[in-house]
Amino acid sequence: MQALSPSKLLSRFGAAFMAIALDVGGMAVLLYQILRCLVPPRLDGMETWRNLYKVGVKSAPIVVVTAMLTGAIMVIQSGALVAQFDAFGLLGWGAAFATLREVGPIMIGLMFSGRVGANNTAELGTMKVTDQIDALRALAIDPITYLLVPRFIAIVLMMFLLTIVGDLTALVGGAYTGQVLLGVSPSLFASSVIEYITLEDLFNGLFKAFTFGIAIAVVSSHYGMTTSGGAVGVGRSVNNSVVASAVLIFVLDYFITSILH
Amino acid sequence: MIEFIDIHKAFGSKQVLRGVSLEVKKGEIMFIIGSSGAGKSVLVKHLVGLIRPDAGRVILDGVEVTNLTEEEYYPIRKRCAMVFQNSTLFDSMTLLDNVALPIRKHFKLSLAEARSEAKAKLALVNMEQHAERYPADFGDGMRKKVAIARALTLNPDFVIFDEPTTGIDPISANIVDRLIRDLSDRLGVTSIVVSHDLRSIFGVADRVAMLYKGQLVLDGPPSLYRETDNAIVQQFINGRPQGPMEV
Ligand SMILES: Nc1ncnc2c1ncn2[C@@H]1O[C@H](COP(=O)(O)OP(=O)(O)OP(=O)(O)O)[C@@H](O)[C@H]1O
Ligand SMILES: [Mg+2]
């Protein structure tokens, strides 16, 4: 690669910064437009059902599998330590604390951005480059209320619900692994969870899941709706969407964790 | 009545329209011709607010629509339908649901009622036997016919057809031409048709305008296009590769 002159480097940096600022601004406006349609609700019922089904039912299996393994991994990781200090009564607490507050929402958020967010961007992006979005507008149908609000609701709601499902599955996976690997009985695991885990731990994680859902919905819709340049453009948008969602998930996680601690 | 007054439009440094003025009277069928990239699609999209002019005004039945917000534009679009140049059917839906969508959204009908209305509209273009299939199963021509049916669902006063007969077999093209004529004769619908199809132009047009280099070079009845001694128009109508026209 050729060395860049300082001025060129600066101008590239400036251009990248402008592009990011444009995207962030676009997402903020989009979020506002979507929220404005929620009270009073203005959205298409049929599209909402279709998306709830598509997002929820089709994501459930992958969430269950991921969560099961996550719970198991938590137990394996803490297993050596637990055995060393003979702290078998803390195993459930350790696994559940990490899963509910942190690992669960993050894993499911990343799964969701890859599974649902990418799909959303690709679908909207294709509609954009083939003029289907303009066709909706020409039929006097608002793409926000018809396309975006249903997708927003489906993604946010399903991310939240599937995190609850995922949390439960992860605990089951953890309990099972604890018994097989360390001989910790499920009842000891459960009592450890019940004794030490507070509702706050659960809600903390669910609040994260809620914000991650909003992030995935807005980011994926934004990149979809601003797609241009045919099939290549759709690919680029999907790429941007997945990367931006993942980054935003970690940024949000950082801030929520540091504020709520 | 549709009025374009001195419309200018550029994309970046590319000046596409340089002062186009055009009037289309109620019930009239106005054809717009011109070479590829002349800006025909850009011009007609101004009417439904999908493109806004850099300068100039768009007036619809005496009401200026140039600077309406997107929200204010929705009532206008119910009266003013557009058939796009490329198929813009929604590929997640059957042909029937594509046509039923605007009916369901705007007439507050149940899905079943909207579907039976939609079936009638599909019959206008002889597509009712394919109602339950998806757009991906069809070629451009058949999709375009469905898009025409969909555009007519809201009983518009104005319809824009962007190359409605391009890529369609001659018989279907005739059906589409007759449909456009019928809309005008029976319902007083005002149409703007972008077309290269000489058979349609000399068959159904009331008036033809030719766009060249961002401006209108000729505007008048079809017969004028045979008689004119404008060299550019002559070259275009006769499809001669050599001549004064820069393609
Ligand atoms: N959204 C847009 N952004 C940038 N440039 C555009 C846009 N829409 C159209 N153009 C440009 O404007 C010019 C005119 O395009 P337009 O689609 O109106 O041509 P046309 O007369 O309809 O031609 P055709 O017969 O090929 O459909 C083209 O050069 C095109 O590249
Ligand atoms: Mg065109």
Side-chain angles (χ1 to χ4, degrees), chain A residues 26 29-30 32-34 36-37 40-55 58 116 119-151 154 224-231 233-234, chain B residues 11 41 44-51 69-93 97-108 110-111 114-115 135-136 140 143-144 146-147 149-154 156 158-162:
Chain A
V29 171
L30 191 65
Y32 167 75
Q33 285 175 326
I34 290 172
R36 220 181 40 170
C37 296
R42 277 183 294 145
L43 63 132
D44 188 82
M46 272 177 67
E47 267 298 288
T48 308
W49 282 117
R50 194 174 77 85
N51 278 286
L52 281 171
Y53 172 80
K54 200 176 85 174
V55 173
K58 297 197 172 162
V116 179
N119 182 294
N120 190 33
T121 305
E123 198 174 316
L124 292 175
T126 305
M127 291 185 77
K128 178 77 197 310
V129 299
T130 55
D131 282 345
Q132 291 178 50
I133 307 273
D134 273 353
L136 268 181
R137 290 167 65 202
L139 291 168
I141 298 171
D142 181 6
I144 308 265
T145 57
Y146 181 72
L147 289 176
L148 300 190
V149 177
R151 282 166 168 74
M225 296 296 279
T226 54
T227 303
S228 63
V234 175
Chain B
F11 293 101
S41 301
V44 294
K45 280 182 184 170
H46 278 84
L47 194 61
V48 283
L50 294 176
I51 293 180
T69 63
E70 178 75 8
E71 253 161 59
E72 289 166 337
Y73 230 112
Y74 281 113
I76 307 284
R77 290 177 184 148
K78 286 186 200 169
R79 300 182 50 211
C80 190
M82 168 147 185
V83 180
F84 286 75
Q85 182 168 358
N86 11 338
S87 153
T88 53
L89 297 183
F90 308 120
D91 19 51
S92 59
M93 301 177 198
D97 284 346
N98 261 283
V99 181
L101 178 69
I103 303 177
R104 172 170 79 80
K105 293 298 281 185
H106 295 305
F107 296 142
K108 308 271 173 260
S110 74
L111 186 62
R115 280 185 175 150
D140 276 346
R143 286 204 290 240
K144 196 159 269 175
V146 178
R150 186 178 67 181
L152 298 180
T153 49
L154 301 183
F158 309 95
V159 188
I160 298 163
F161 297 90
D162 198 345

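By convention in this document, chain letters (A, B, ...) are assigned in the order of the sequence lines, proteins followed by strands, and residues within each chain are numbered from 1. None of these values were measured; they are calculated from a predicted model.
Residue with the most contacts toward chain A among Ile76(B), Ile160(B), Leu154(B), Leu89(B): Leu89(B) (heavy-atom pairs, distance under 4.5 Å).
Using a 4.5 Å cut-off between heavy atoms, Phe90(B) contacts chain A through both its backbone and its side chain. Heavy atoms closer than 4.5 Å to chain B are found in both the backbone and the side chain of Leu136(A).
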Quick one: donor-acceptor pairs under 3.5 angstrom, chain A versus chain B?
| from | atom 1 | to | atom 2 | distance (Å) |
| --- | --- | --- | --- | --- |
| Arg36(A) | NH2 | Glu71(B) | OE2 | 3.2 |
| Asp44(A) | OD1 | Arg104(B) | NH1 | 3.2 |
| Asp44(A) | OD1 | Arg104(B) | NH2 | 3.4 |
| Asp44(A) | OD1 | Lys105(B) | NZ | 2.8 |
| Asp44(A) | OD2 | Arg104(B) | NH2 | 3.3 |
| Gln132(A) | NE2 | Asp91(B) | OD1 | 3.4 |
| Gln132(A) | NE2 | Asp91(B) | OD2 | 3.3 |
| Arg137(A) | NE | Glu70(B) | OE2 | 2.8 |
| Arg137(A) | NH2 | Glu70(B) | OE1 | 3.0 |
| Leu139(A) | O | His106(B) | NE2 | 2.8 |
| Ala140(A) | O | His106(B) | NE2 | 3.3 |

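Closest approach of Leu50(B) and Ala138(A) over heavy atoms only: CD1-CB, 4.4 Å.
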